[in-house]
Asker: 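The structure follows.
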2 protein chains.
Amino acid sequence: MSRSGSSKRSAKPSKPSYILDDQIGFILRQVWQRHAVIFGREIGINVTSTQWAALSKLAETGPCSQNLLGRLTSMDVATIKGVIDRLTARGLTETCRDPDDGRRLLVSLTRLGQQMAEKAAPNAAVITKETLAPLDANERETLMALLSKLR
Amino acid sequence: MSRSGSSKRSAKPSKPSYILDDQIGFILRQVWQRHAVIFGREIGINVTSTQWAALSKLAETGPCSQNLLGRLTSMDVATIKGVIDRLTARGLTETCRDPDDGRRLLVSLTRLGQQMAEKAAPNAAVITKETLAPLDANERETLMALLSKLR
DNA sequence: TTCATTTCGTTTGTATACGAACGATGTTGC
DNA sequence: GCAACATCGTTCGTATACAAACGAAATGAA
């Protein structure tokens with residue numbers, strides 16, 4: 001029942017026509033920010049969501065070249081390098097040259113990294129659940145399906 | 001018709017159970033990345049999506065304190081400062097102290113900034129449309145409604 | 001084999017993004 | 001009027017994020 005929006009009494013308020021808050025890009029950023037807050041509160045092992053992407057993907061695939069890991073986690077080559085550098089500095093990952101291909105840098109989880117991945121996996125599932133908590137089961141499924149089309 | 005997923009023949013593949021690619025956080029990042037590509041290609045005035053958020057919100061509201069502008073665009077105080085610094089350095093915005101409140105920094109669009117905002121607004125609408133192009137009209141509406149619940 | 005092409009990793013530069021600490025300024029309770 | 005409190009802007013440090021340029025290594029075609 002809100003007023004029609006672009007008119008206030010009989011004045012001419014220059015019809016905005018582009019409202020930032022209605023744009024998908026802006027909404028995506030806000031939803032992402034909310035997710036980041038939930039992530040930081042729940043993950044429990046002092047890693048960022050980006051670092052967690054690398055960790056959990058390594059746990060899924062096993063040792064993997066830095067470049068492939070970047071593609072699997074949708075990270076730029078420069079970004080994945082920084083992430084792996086920091087994870088390695090903290091002893092969660094380690095690297096060695098691929099003996100079969102001198103260009104590749106093989107990345108693997110250390111024992112500590114595996115422990116962390118196992119410890120945080122349940123928390124990560126909780127994060128997903130909490131992020132979607134405002135939606136019911138049907139809505140969650142619908143949202144995931146629609147977002148997947150926009151990847 | 002893919003196999004049930006966590007079983008391969010009769011072996012025990014350690015049931016992954018946490019698959020990064022199925023998590024809302026990871027999907028959100030990918031959708032955001034795709035949007036960023038479309039944005040960069042279509043906006044037409046050499047600003048980032050963050051800078052565009054500040055510009056278009058200023059065009060909506062008129063002059064505004066840096067702090068409020070940050071809240072309206074969902075930016076941290078440090079982030080909005082950097083954005084306004086760069087926009088001001090390029091002559092798209094200008095700032096002055098609020099005469100009514102010595103703490104506030106009033107931010108406003110320059111004439112050039114207004115021209116840019118007017119020039120880019122149609123492109124920004126196209127960006128929204130292109131981002132949602134894989135969906136039909138019903139799906140678009142559903143997605144926006146669901147995402148809005150997660151803000 | 002040799003050269004063009006591709007792939008991989010690194011580095012640099014710019015732009016978010018945010019926590020934390022700080023000083024300056026306003027407001028409020030008393 | 002003043003002391004506690006809140007707000008605003010700035011700065012620092014860390015962590016993505018990506019374009020662009022570069023060298024090393026592998027691959028393919030001639």
Side-chain angles (χ1 to χ4, degrees), chain A residues 25-26 28-41 43 45-55 64-90 92-93 95-107, chain B residues 25-26 28-41 43 45-55 64-90 92-93 95-107:
Chain A
F26 187 63
L28 281 172
R29 187 155 68 87
Q30 291 180 313
V31 174
W32 171 254
Q33 284 174 344
R34 174 170 166 275
H35 174 267
V37 170
I38 296 172
F39 187 97
R41 188 175 62 229
I43 191 62
I45 60 166
N46 191 30
V47 292
T48 65
S49 61
T50 309
Q51 291 168 355
W52 171 248
L55 273 187
C64 166
S65 82
Q66 181 175 285
N67 192 278
L68 175 57
L69 184 59
R71 285 198 302 274
L72 293 175
T73 52
S74 296
M75 292 182 214
D76 188 79
V77 285
T79 301
I80 189 65
K81 178 188 174 17
V83 171
I84 294 303
D85 282 353
R86 283 181 287 273
L87 288 176
T88 298
R90 290 178 48 189
L92 304 183
T93 54
T95 60
C96 66
R97 299 224 80 84
D98 186 334
D100 296 334
D101 189 335
R103 296 169 303 179
R104 291 199 170 95
L105 191 65
L106 273 182
V107 183
Chain B
F26 187 62
L28 280 172
R29 188 156 67 88
Q30 291 180 314
V31 175
W32 172 254
Q33 284 175 343
R34 174 168 166 277
H35 175 267
V37 170
I38 296 172
F39 187 97
R41 189 175 62 229
I43 191 63
I45 61 167
N46 190 31
V47 293
T48 66
S49 61
T50 309
Q51 290 169 354
W52 172 247
L55 273 187
C64 166
S65 83
Q66 182 176 284
N67 193 279
L68 176 58
L69 183 58
R71 286 198 302 273
L72 294 175
T73 52
S74 296
M75 292 182 215
D76 187 80
V77 286
T79 301
I80 189 66
K81 178 187 171 22
V83 171
I84 295 303
D85 281 354
R86 283 181 286 274
L87 288 176
T88 298
R90 290 176 49 188
L92 303 183
T93 54
T95 61
C96 65
R97 300 222 78 85
D98 186 332
D100 296 334
D101 188 336
R103 297 169 302 177
R104 292 200 170 94
L105 191 65
L106 274 182
V107 183

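Note that the coordinates shown come from a computational prediction; the quantities given were computed from them, not determined experimentally. Computed from heavy atoms alone, side chains included, the values below leave out hydrogens, waters and symmetry copies. Here is how names work: the chains are called A, B, and so on, in the same order as the sequence lines, proteins then strands, and each is numbered from 1.
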Asker: Just N and O in the side chain of A/T50: are any of them under 4.0 Å from OP1 or OP2 of D/dA17?
Answerer: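 Checking A/T50 against D/dA17: at least one side-chain N or O falls below 4.0 Å of OP1 or OP2.
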Asker: Counting side-chain heavy atoms from C-beta on, which of C/dG9, D/dA25, D/dT16 comes nearest to A/R103?
Answerer: D/dA25
Asker: Can you measure B/H35 atom NE2 to D/dA17 atom P for me and round it to whole angstrom units?
Answerer: 16 Å
Asker: Taking the minimum atom-to-atom distance to the side chain of A/T48, which one of C/dT16, C/dA17, D/dT16 wins?
Answerer: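 When the side chain of A/T48 is considered, D/dT16 is the closest of C/dT16, C/dA17, D/dT16.
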Asker: Which nucleotide sits closest to the side chain of A/R86: C/dC18, D/dA15, C/dT12?
Answerer: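 Output: D/dA15.
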Asker: Taking only residues two or more places apart in sequence, or in another chain, which ones meet B/D98 in a side chain to side chain donor-acceptor pair (under 3.5 Å)?
Answerer: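 Partners of B/D98 under the side chain to side chain donor-acceptor pair (under 3.5 Å) test: none.
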Asker: Under 3.5 Å, side chain of A/T95 to main-chain N/O of A/V107, donor-acceptor pair present?
Answerer: no
Asker: Under 4.0 Å from OP1 or OP2 of C/dT10: is there any side-chain N or O of A/K81 that close?
Answerer: yes
Asker: Look only at the side chain of A/Q33 and the backbone of B/S74, and say whether a donor-acceptor pair between them is shorter than 3.5 Å.
Answerer: yes
Asker: In this structure, how many angstroms lie between the C1' atom of C/dA17 and the CZ atom of B/R29, rounded?
Answerer: 14 Å
Asker: As a test of reading the structure: which of C/dC18, C/dG9, D/dC8 is closest to the side chain of B/R104, going by heavy atoms?
Answerer: D/dC8
Asker: Within the structure, does a side-chain N or O atom of B/T79 lie under 4.0 Å from either OP1 or OP2 of C/dT16?
Answerer: no
Asker: Only counting residues at least two apart or in another chain, list the ones meeting side chain to side chain donor-acceptor pair (under 3.5 Å) with B/R104.
Answerer: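 Partners of B/R104 by the side chain to side chain donor-acceptor pair (under 3.5 Å) criterion, ordered by chain and then number, come out as B/D101.
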Asker: Could you check whether B/G82 gets within reach of a base, just the sugar-phosphate, or nothing at all, counting any heavy atom under 4.0 Å?
Answerer: nothing
Asker: B/D100 has an atom CG; how far is it from atom C1' of D/dC8, in whole Å?
Answerer: 15 Å
Asker: Could you please name the option among D/dA17, D/dA25, C/dT12 that lies closest to any side-chain atom of B/Q33?
Answerer: D/dA17
Asker: Send over the distance from B/L105 CG to D/dT11 P, rounded to a whole Å.
Answerer: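 B/L105 atom CG is separated from D/dT11 atom P by 12 Å.
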Asker: Which residue lies toward the 5' end of DNA chain D, A/S49 or A/D98, if each is placed at its nearest nucleotide?
Answerer: A/S49
Asker: Out of D/dA19, C/dT25, C/dG9, which nucleotide sits closest to the side chain of A/D76?
Answerer: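 That would be D/dA19.
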Asker: Measure the distance from CG on B/N46 to P on D/dA19 and round it to the nearest whole Å.
Answerer: 14 Å
Asker: Looking at B/R71, does any N or O in its side chain come under 4.0 Å of the phosphate oxygens OP1/OP2 on D/dC8?
Answerer: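 Checking D/dC8 against B/R71, a side-chain N or O does come within under 4.0 Å of OP1 or OP2.
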Asker: How long is the line joining CH2 of B/W32 and P of C/dA15, in whole Å?
Answerer: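 After rounding, the reported distance stands at 16 Å.
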Asker: Is there side-chain contact between A/R90 and A/N46, with at least one heavy-atom pair below 4.5 Å?
Answerer: yes
Asker: Under the 3.5 angstrom rule, does the side chain of B/R29 hit a backbone N or O of A/T73 as a donor-acceptor pair?
Answerer: yes
Asker: Nearest whole Å is fine: how far is D/dG9 P from B/L68 CG?
Answerer: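 Checked: the CG to P distance equals 9 Å.
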Asker: The side chain of B/R97 is closest to which nucleotide in this list: C/dG26, D/dG9, C/dT6?
Answerer: D/dG9
Asker: Tell me which nucleotide among D/dC18, D/dT10, C/dA15 gets nearest to the side chain of B/Q51.
Answerer: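 Per side-chain heavy atoms of B/Q51, the pick is C/dA15.
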Asker: Rounding to an integer number of Å, can you tell me how far A/R90 CZ sits from D/dT14 C1'?
Answerer: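 Nearest whole value for this atom pair: 12 Å.
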